There are 2 protein chains.
Amino acid sequence: MGLESYQIEKVESVTMADIVERRLLDYFKKNAFKPGDAIPKELELAEALEVSRNVVREALSRLKMLGMIESKKKRGMVLSEPDIFGGFERVLDPLILEQQTLQDLFELRMVLEMGLADLIFRRKTDGDVAELERIVQKSTNQNKASFKVKHEIAFHGKLYAMTGNATIMRFQNLLLPIFEYVVAEEEKLHGVPPISHVGHADLVQIIKNGTPQEFKEAMRIHLSPHFDRLS
Amino acid sequence: MGLESYQIEKVESVTMADIVERRLLDYFKKNAFKPGDAIPKELELAEALEVSRNVVREALSRLKMLGMIESKKKRGMVLSEPDIFGGFERVLDPLILEQQTLQDLFELRMVLEMGLADLIFRRKTDGDVAELERIVQKSTNQNKASFKVKHEIAFHGKLYAMTGNATIMRFQNLLLPIFEYVVAEEEKLHGVPPISHVGHADLVQIIKNGTPQEFKEAMRIHLSPHFDRLS
DNA sequence: TTTGTTGTTATGTTCTACATAAGTATTAAA
DNA sequence: TTTAATACTTATGTAGAACATAACAACAAA
């Protein structure tokens with residue numbers, strides 16, 4: 001019988017900084033702290049938690065990284081509106097993420113793109129459509145690979161921008177390098193995917209005169225070369 | 001003319017820990033570090049960067065929080081597969097996020113839900129459909145509000161699970177409390193939204209016998225009470 | 001070969017000291 | 001009295017030393 005049958009769980013050493021970090025987060029939630037609220041001084045926290053100031057500073061440093069805490073000399077520290085994707089951004093390195101996670105993120109971006117339709121149609125303006133047409137226009141002449149990538153980013157980026165949702169916009173921008181990395185890896189293995197039957201120009205026409213339903217179907221076809229490669 | 005026209009940017013004090021954190025991340029990327037690779041000792045880093053061991057430890061502590069680094073006494077530290085949404089999770093407190101961000105995340109979850117169709121149809125199994133039917137069945141009798149919430153979570157959670165995408169699954173689980181919070185806030189303002197014409201039972205039938213296109217439209221109608229309240 | 005001992009080493013934790021910026025109070029000048 | 005310059009105070013930022021602790025390594029004992 002192998003060792004794994006004993007369900008041995010590896011002992012991950014929990015440090016004081018881990019505990020203090022957890023305690024601080026709980027403390028903020030329990031007391032309904034809001035951005036702008038002052039939080040106790042380092043020495044007070046150290047005393048209350050019965051750890052050294054150093055440990056407290058390590059925990060605080062973590063929350064500062066997330067933008068959750070801001071500190072000024074003499075004034076002390078205040079809770080602040082965190083950068084919601086700050087931690088996510090730091091971790092998004094294709095080299096350190098598992099292949100499966102990269103694949104998952106690739107799919108996630110496609111899922112987003114498919115789901116954008118209703119927001120886009122709800123919030124599109126004539127100006128938006130005009131700019132999309134301008135973007136498509138510029139790409140008809142160019143053929144260089146580097147330009148094509150830029151064009152892809154400009155077009156799909158504009159689609160996200162049209163949702164009027166800054167958070168979704170930011171999220172997709174973070175996902176973009178992962179998407180490109182996975183596409184490049186796929187191309188190494190299976191060659192360049194066939195060009196889709198539905199291009200950007202078609203999508204723009206649908207946004208201009210069509211319906212969300214048509215857009216969803218068109219986007220599905222547009223992305224199908226990628227979709228079809230999923231396991 | 002207001003001050004804002006001068007584009008005054010607030011001076012955020014950059015600390016040594018901020019710089020060292022940045023340097024470490026760059027260092028890992030530049031040298032193509034992979035999970036499992038050993039990284040220099042604290043003292044070596046401190047010496048190389050010409051800062052105190054304390055500062056190095058603050059920066060390392062941040063990366064440890066993200067799961068990017070693991071350390072063991074004597075053995076030293078190794079790079080490791082980070083928890084991709086670890087930082088995100090810590091920051092997801094409705095009380096400290098801006099109202100607009102909460103709204104954005106609410107929309108993001110709906111966008112996800114709309115976009116799931118193709119993945120679900122591509123990967124559904126008979127067992128999945130059976131379980132969905134079981135979930136719907138159980139809800140027909142119950143009426144209590146608390147049960148309804150649980151049922152919502154079970155049903156939509158199962159939909160995400162059917163995508164076979166652990167990352168998307170995790171993401172939606174993190175988004176869930178935000179979604180519920182926003183729904184609760186909306187109900188305080190505008191009362192309980194009208195029940196949609198398309199219920200869970202209808203969605204299951206479509207998954208069983210219908211097409212992705214039908215599912216997308218059905219999901220749109222199912223979510224429309226929420227959608228219609230968006231600005 | 002296995003088990004026990006001893007030393008070594010890198011991280012974990014604490015303590016002290018001082019630098020620095022930014023309020024606060026005090027004093028001097030108008 | 002009001003204003004400006006001054007010194008004082010305080011909380012964070014940084015540095016350095018010291019010791020605790022876990023885990024590896026090497027050797028000795030069974």
Side-chain angles (χ1 to χ4, degrees), chain A residues 3 8-25 27-28 33 35-82, chain B residues 3 8-25 27-28 33 35-82:
Chain A
L3 263 179
I8 287 186
E9 53 186 282
K10 71 174 172 189
V11 285
E12 77 263 357
S13 68
V14 176
T15 66
M16 289 293 175
D18 294 326
I19 297 172
V20 170
E21 183 211 326
R22 183 77 270 150
R23 288 283 193 85
L24 288 176
L25 287 172
Y27 173 71
F28 296 150
F33 272 61
D37 290 352
I39 67 181
K41 313 180 245 252
E42 291 178 353
L43 278 174
E44 290 175 351
L45 290 171
E47 199 179 2
L49 295 163
E50 291 183 311
V51 292
S52 75
R53 186 174 159 228
N54 234 322
V55 168
V56 171
R57 277 186 62 82
E58 279 192 26
L60 289 170
S61 188
R62 296 178 175 190
L63 304 187
K64 284 174 192 167
M65 175 184 61
L66 302 177
M68 209 171 174
I69 286 177
E70 281 175 7
S71 56
K72 290 210 183 78
K73 294 191 180 182
K74 164 79 178 178
R75 265 187 80 167
M77 298 178 289
V78 295
L79 211 71
S80 48
E81 165 94 4
Chain B
L3 265 177
I8 286 187
E9 54 187 279
K10 68 176 170 188
V11 285
E12 76 267 353
S13 66
V14 176
T15 67
M16 288 294 170
D18 294 325
I19 297 172
V20 171
E21 182 211 325
R22 184 78 269 151
R23 287 281 194 86
L24 288 176
L25 288 172
Y27 174 70
F28 296 149
F33 271 62
D37 290 351
I39 66 181
K41 312 181 247 250
E42 291 179 350
L43 278 173
E44 291 174 352
L45 291 171
E47 199 180 4
L49 295 163
E50 292 183 310
V51 292
S52 74
R53 184 169 163 235
N54 237 325
V55 167
V56 171
R57 278 187 61 82
E58 279 192 27
L60 289 170
S61 188
R62 296 179 177 190
L63 303 186
K64 284 174 192 168
M65 174 183 65
L66 301 177
M68 209 171 176
I69 286 178
E70 281 175 8
S71 56
K72 291 210 182 77
K73 294 190 179 182
K74 164 80 179 177
R75 267 188 79 166
M77 298 178 290
V78 296
L79 212 71
S80 49
E81 165 93 5

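Numbered from 1 within each chain, the chains take letters A, B, ... in sequence-line order. Note that this is a predicted model, so its numbers are computed, not measured.
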Checklist entry - Can you list the residues that meet the side-chain hydrogen bond (donor to acceptor under 3.5 Å, both in side chains) rule with B:Ser80, with sequence neighbours excluded? => result none
Checklist outcome for this item: salt bridge (Lys or Arg N to Asp or Glu O under 4.0 Å) filter on A:Lys74, not counting sequence neighbours, yields none
Item to check | For A:Lys73, all residues meeting salt bridge (Lys or Arg N to Asp or Glu O under 4.0 Å), sequence neighbours excluded | outcome: none
Next on the checklist: Under the rule for ring pair (Phe, Tyr, Trp, His ring centres under 6.0 Å), what residues qualify as partners of B:Phe28, not counting sequence neighbours?
Outcome noted: B:Phe33
Next on the checklist: Taking side-chain hydrogen bond (donor to acceptor under 3.5 Å, both in side chains) as the definition, give me every residue that meets it alongside B:Arg75, ordered by chain and number, with sequence neighbours left out.
Outcome noted: none
Checklist entry - How does each nucleotide of nucleotides 11-20 of chain C score, in 5' to 3' order, for protein heavy atoms under 4.0 Å: base (B), sugar-phosphate only (S), or none (-)? => result BBBBB-B--B
